[in-house]
Amino acid sequence: QVQLVESGGGLVQAGGSLRLSCAASGTIFSNLAMGWHRQAPGKQRELVAAITRRGGITKYADSVKGRFTISRDDAKNTVYLQMNSLKPEDTALYYCNAQYVSTGYVFPAEGRQGYWGQGTQVTVSS
């Protein structure tokens with residue numbers, strides 16, 4: 001059973017930075033493609049960033065390109081989301097997602113597949 005635990009959320013002023021972490025257990029981490037999603041009140045959950053399990057290939061939502069960076073450390077079974085130049089519209093509950101994928105260079109599938117953490121709140125004040 002894959003377990004994911006997010007941390008690193010908090011309250012920050014606009015323009016500030018936060019780094020989220022998601023620690024995985026119960027599996028071989030290098031077999032997982034990983035993603036970060038977020039959900040703001042009254043809005044649908046959206047994909048923020050994703051990373052393949054091999055090669056470290058990444059993709060981002062247009063709204064965070066150039067500001068957020070996803071990375072992974074397989075030795076620590078952890079995926080990170082470095083968030084810079086934060087804006088009030090980045091305020092949301094951020095979730096980590098993990099999916100088993102058959103090949104190394106694919107992203108997690110869209111939707112609610114795979115395993116999810118409990119979320120960590122990010123609040124950006126103006």
Side-chain angles (χ1 to χ4, degrees):
Q1 181 77 7
V2 178
Q3 293 185 322
L4 304 172
V5 178
E6 301 102 332
S7 61
L11 173 63
V12 64
Q13 287 189 332
S17 298
L18 285 173
R19 187 175 82 155
L20 306 184
S21 299
C22 172
S25 61
T27 187
I28 299 173
F29 184 72
S30 59
N31 288 341
L32 300 170
M34 304 296 296
W36 284 98
H37 297 243
R38 67 186 181 187
Q39 187 166 18
K43 295 188 176 181
Q44 289 189 331
R45 190 174 299 190
E46 62 173 348
L47 175 68
V48 175
I51 188 167
T52 58
R53 69 175 178 89
R54 293 184 66 183
I57 304 168
T58 59
K59 70 173 181 179
Y60 298 92
D62 288 343
S63 58
V64 306
K65 281 181 182 176
R67 301 188 298 122
F68 290 11
T69 303
I70 187 171
S71 62
R72 63 188 294 156
D73 185 339
D74 287 0
K76 296 183 178 180
N77 291 354
T78 301
V79 63
Y80 303 98
L81 186 68
Q82 177 67 44
M83 305 186 295
N84 298 329
S85 302
L86 283 161
K87 304 175 181 180
E89 51 263 45
D90 294 318
T91 295
L93 192 58
Y94 283 70
Y95 295 93
C96 178
N97 173 249
Q99 295 183 23
Y100 288 108
V101 291
S102 57
T103 59
Y105 301 98
V106 297
F107 293 111
E110 297 285 340
R112 296 296 184 98
Q113 301 178 52
Y115 300 88
W116 295 86
Q118 81 289 349
T120 186
Q121 179 67 38
V122 171
T123 303
V124 184
S125 63
S126 57

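Bear in mind that the values here come from a model prediction, so they are computed numbers and not experimental data.
The pair Asp62-Lys65 meets the salt-bridge criterion, with a side-chain N (NZ, NE, NH1 or NH2) lying under 4.0 Å from an Asp/Glu carboxylate O. A salt bridge links Glu110 and Lys59; the closest N-O separation between the charged side-chain nitrogens and carboxylate oxygens is under 4.0 Å. Ion pairing between a basic and an acidic side chain is recognised when a charged N comes within 4.0 Å of a carboxylate O; Asp74 and Arg53 show no such pairing.
Side-chain contact check for Leu32 versus Thr27: some heavy-atom pair is nearer than 4.5 Å. With contacts defined as side-chain heavy-atom distances shorter than 4.5 Å, the pair Arg19/Met83 does not qualify.
Here the CZ atom belonging to Arg67 is positioned 7.0 Å from the OG atom belonging to Ser85, to the nearest 0.5 angstrom. Leu4 contributes atom CG, which lies 8.5 Å from atom CZ of Phe29 (distance to the nearest 0.5 angstrom). Between Gln3 atom CD and Ser25 atom OG the span is 4.5 Å, to the nearest 0.5 Å. Once rounded to the nearest 0.5 Å, the distance linking SG of Cys96 with CE of Met34 reads 3.5 Å. Distance check, rounded to the nearest 0.5 Å: CD of Glu6 to CG of Asn97 gives 10.0 Å. In this structure, the separation between NE2 on His37 and CD on Gln44 is 13.0 Å, given to the nearest 0.5 Å.
Under the 4.5 Å side-chain heavy-atom criterion for ILVMFWY residues, a single connected hydrophobic cluster contains both Val48 and Val12. Under the 4.5 Å side-chain contact rule for hydrophobic residues, Phe107 and Ile70 do not share a cluster. Hydrophobic cluster membership is shared by Trp116 and Leu93, with clusters built from Ile, Leu, Val, Met, Phe, Trp and Tyr side chains linked at under 4.5 angstrom. The cluster map of Ile, Leu, Val, Met, Phe, Trp and Tyr, joined by side-chain heavy atoms under 4.5 Å apart, puts Leu20 and Tyr115 in the same cluster. In the hydrophobic cluster analysis, where Ile, Leu, Val, Met, Phe, Trp and Tyr join through side-chain heavy atoms closer than 4.5 angstrom, Trp36 is grouped together with Val2.
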Practice problem: Before giving the answer on side-chain hydrogen bond (donor to acceptor under 3.5 Å, both in side chains), spell out for Ser17 and Asn84 the whole-Å C-alpha distance, their side-chain angles and the decisive distance to 0.1 Å. | Solution: CA-CA 4 Å; Ser17 298; Asn84 298 329; 2.9 Å; yes

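The one candidate from Thr120, Val64, Leu81 that meets the side-chain contact (heavy atoms from CB on, under 4.5 Å) condition with Arg38 is Val64.
For Ile28, the CD1 atom sits in a loose shell: 12 or fewer heavy atoms of surrounding residues, nucleotides or ligands are nearer than 6.0 Å.
For the residue pair Tyr60/Thr69, the side-chain donor-acceptor check at 3.5 Å is not satisfied.
Of all non-hydrogen atoms in Leu47 and Ala61, the two that sit nearest each other are O-CB, 3.5 Å. Considering all non-hydrogen atoms of both residues, Gly35 and Pro108 come closest at N-CG, 4.2 Å.
Between the side chain of Asp90 and the backbone N or O of Val124, no donor-acceptor pair lies under 3.5 Å. Formation of a donor-acceptor pair under 3.5 Å by the Thr91 side chain with backbone atoms of Glu89 is not found in this model. Side-chain N or O atoms of Arg72 include one that pairs as donor or acceptor with a backbone N or O of Thr52 at under 3.5 Å.
Ring pair Phe68/Tyr94 is tilted by interplanar angle, where 30° to 60° counts as tilted.
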